[in-house]
Structure formats: C-alpha cells, structure tokens
J.: 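One structure, as structure tokens, below. Some questions next.
Computation of the quantities below employed the complete heavy-atom set of this structure, encompassing side-chain atoms and omitting hydrogens, waters and symmetry-equivalent molecules. Just so it is clear, the model here is predicted, and its values are computed rather than measured.
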Amino acid sequence: QVQLVESGGGLVQAGGSLRLSCAASGIAFRAYTMSWYRQAPGKQRELVATITRGGNTNYAEFVQGRFTIARDDAKNTVSLQMSSLKPEDTAVYYCSNRAGSWGQGTQVTVSS
C-alpha cells in the first residue's frame, strides 16, 4: 500500500522560510519522479516542483529561485525548501509520485 505523508507546514510571515518533507512507503521510491503540488482555497491544484529519478528538477515560474526540491532515496523522502515566502504561497501542499498517489497535504499559511 502506497503511503505519502507530508509534514513541515505552518504559519510564517512574508519573507520567511519553511521546509516541507514527504515520507514515502510502499513504493520503490527511487524509481519515481516526485512532485510537489499546491491548492489554494477556491483554486485548482497546481504543480510547484518536480524532481526526476536522476535528480533533474523543474519549477513553476511562480516559485523559480525561491523554492528548492530535493530527494533522499536512502530515506524515501522528498523535500521542498521554501524561502522568500509570499502571502500568495498560502495553500495546502501535496506530494505525489506522479502515478496517482497523493499525500494528505500540509497547510502553509504566509501572513503579510
């Protein structure tokens, strides 16, 4: 059974930083491209960042230069380091293995 569990969300002031983590179990983690998505109230879920099996990364334009995705295949985790946070980054953040599995999400709230 695939399980993805996000953690690290919280309340932070604009300009601050947070580090999200996603722990995976029940999958051959190193075989998967992993992504972070987010969904703000009243908006569609959107792709934030992706990291391939080989460690290549890709970012949405709205987080480019502020967020960094990384993976640790030994620990079956993928992280999202977020800095220079803006109020518009407020959302529930989800990780996914791009094969239909999702975590429960972690709330990030950025106050102005």
J.: Just wondering, do F62 and E46 contact through their side chains at under 4.5 Å, heavy atoms?
T.: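 SC-SC contact between E46 and F62 confirmed.
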
J.: Rounded to the nearest 0.5 Å, what separates atom CZ in R98 from atom OG1 in T52?
T.: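 Answer for the CZ-OG1 pair, R98 versus T52, is 11.0 Å.
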
J.: Find the distance between OG1 (T77) and CG (L20) and round it off to the nearest 0.5 Å.
T.: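 Going from OG1 on T77 over to CG on L20, the span is 12.5 Å.
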
J.: With V78 as reference, evaluate D73, D72, I69 under the side chain to side chain contact (heavy atoms under 4.5 Å, CB included) test and give the passing residue.
T.: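 That would be I69.
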
J.: Mind checking what makes salt bridge (charged side-chain N to carboxylate O under 4.0 Å, His left out) contact with R66, not counting sequence neighbours?
T.: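 Once residues adjacent in sequence are excluded, the partners of R66 under the salt bridge (charged side-chain N to carboxylate O under 4.0 Å, His left out) criterion are D89.
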
J.: Which pair of non-hydrogen atoms, one from Y32 and one from N97, has the smallest distance, and what is that distance?
T.: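 That closest heavy-atom pairing would be CD2-O, 3.5 Å.
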
J.: Quick one: do the S17 and S83 side chains pair a donor with an acceptor below 3.5 Å?
T.: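 Distance-only check fails for S17 and S83.
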
J.: Working note: R38 + Y93, criterion side-chain hydrogen bond (donor to acceptor under 3.5 Å, both in side chains); need CA distance, chi angles, decisive distance, verdict.
T.: CA-CA 4 Å; R38 71 185 188 186; Y93 284 71; 3.0 Å; yes

J.: Ignoring hydrogens, what is the shortest heavy-atom contact between Y94 and G103? Give both atom names and the distance.
T.: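 The answer is CD2-O, 3.6 Å.
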
J.: Distance check, rounded to the nearest 0.5 Å: N76 atom CG versus I27 atom CD1?
T.: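 Between atom CG of N76 and atom CD1 of I27 there are 7.0 Å.
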
J.: Where the side chain of Q107 meets the backbone of G10, is there a donor-acceptor pair that is under 3.5 Å apart?
T.: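 A pair under 3.5 Å: no.
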
J.: In the single-linkage hydrophobic clustering (I, L, V, M, F, W, Y; side-chain heavy atoms under 4.5 Å), do L4 and V92 co-cluster?
T.: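 Cluster IDs for L4 and V92 differ.
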
J.: When you look at L85 and L18, which way does the side chain to side chain contact (heavy atoms under 4.5 Å, CB included) test go after all the steps?
T.: CA-CA 8 Å; L85 284 162; L18 279 175; 4.2 Å; yes

J.: Calculate, to the nearest 0.5 Å, the distance between atoms CD and SG belonging to Q104 and C95 respectively.
T.: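 Those atoms lie 8.0 Å apart.
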
J.: Please report the shortest heavy-atom distance between G9 and V108, naming the atom on each side.
T.: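 Closest approach of G9 to V108: CA-CG2, 4.2 Å.
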
J.: Could you give the distance from CG (L80) to CE (M34), rounded to the nearest 0.5 Å?
T.: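 The distance works out to 12.0 Å.
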
J.: Of the non-hydrogen atoms in V2 and S101, which two are nearest, and what is the gap between them?
T.: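 Closest approach of V2 to S101, heavy atoms only: CG1-OG, 3.4 Å.
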
J.: Quick check: Y37 with W102 (ring centres under 6.0 Å apart)?
T.: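 W102 vs Y37: aromatic centres under 6.0 Å.
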
J.: Mark yes when over 12 heavy atoms from residues, nucleotides or ligands other than Q13 sit less than 6.0 Å from its CD; otherwise mark no.
T.: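 No, not enclosed.
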
J.: Looking at E6 and G105, would you say the former's side chain and the latter's main chain have a donor-acceptor pair under 3.5 Å?
T.: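 Such a contact is found between E6 side chain and G105 backbone.
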
J.: Examine distances only and state if a side-chain atom of S21 and a backbone atom of S7 form a donor-acceptor pair shorter than 3.5 Å.
T.: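 Flag not set: sc S21 to bb S7 has no pair under 3.5 Å.
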
J.: If you define the side chain from C-beta out and look only at heavy atoms, does anything of T50 sit under 4.5 Å from T33?
T.: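 Yes. Closest side-chain heavy atoms under 4.5 Å.
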
J.: Does the ring of F29 carry R53 above it, NZ/CZ under 6.0 angstrom from centre and within 45° of its axis?
T.: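 No, R53 does not sit over the ring of F29.
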
J.: How many angstroms lie between CG in L47 and OH in Y59, if you round to the nearest 0.5 Å?
T.: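 Spacing of CG (L47) from OH (Y59) equals 11.5 Å.
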
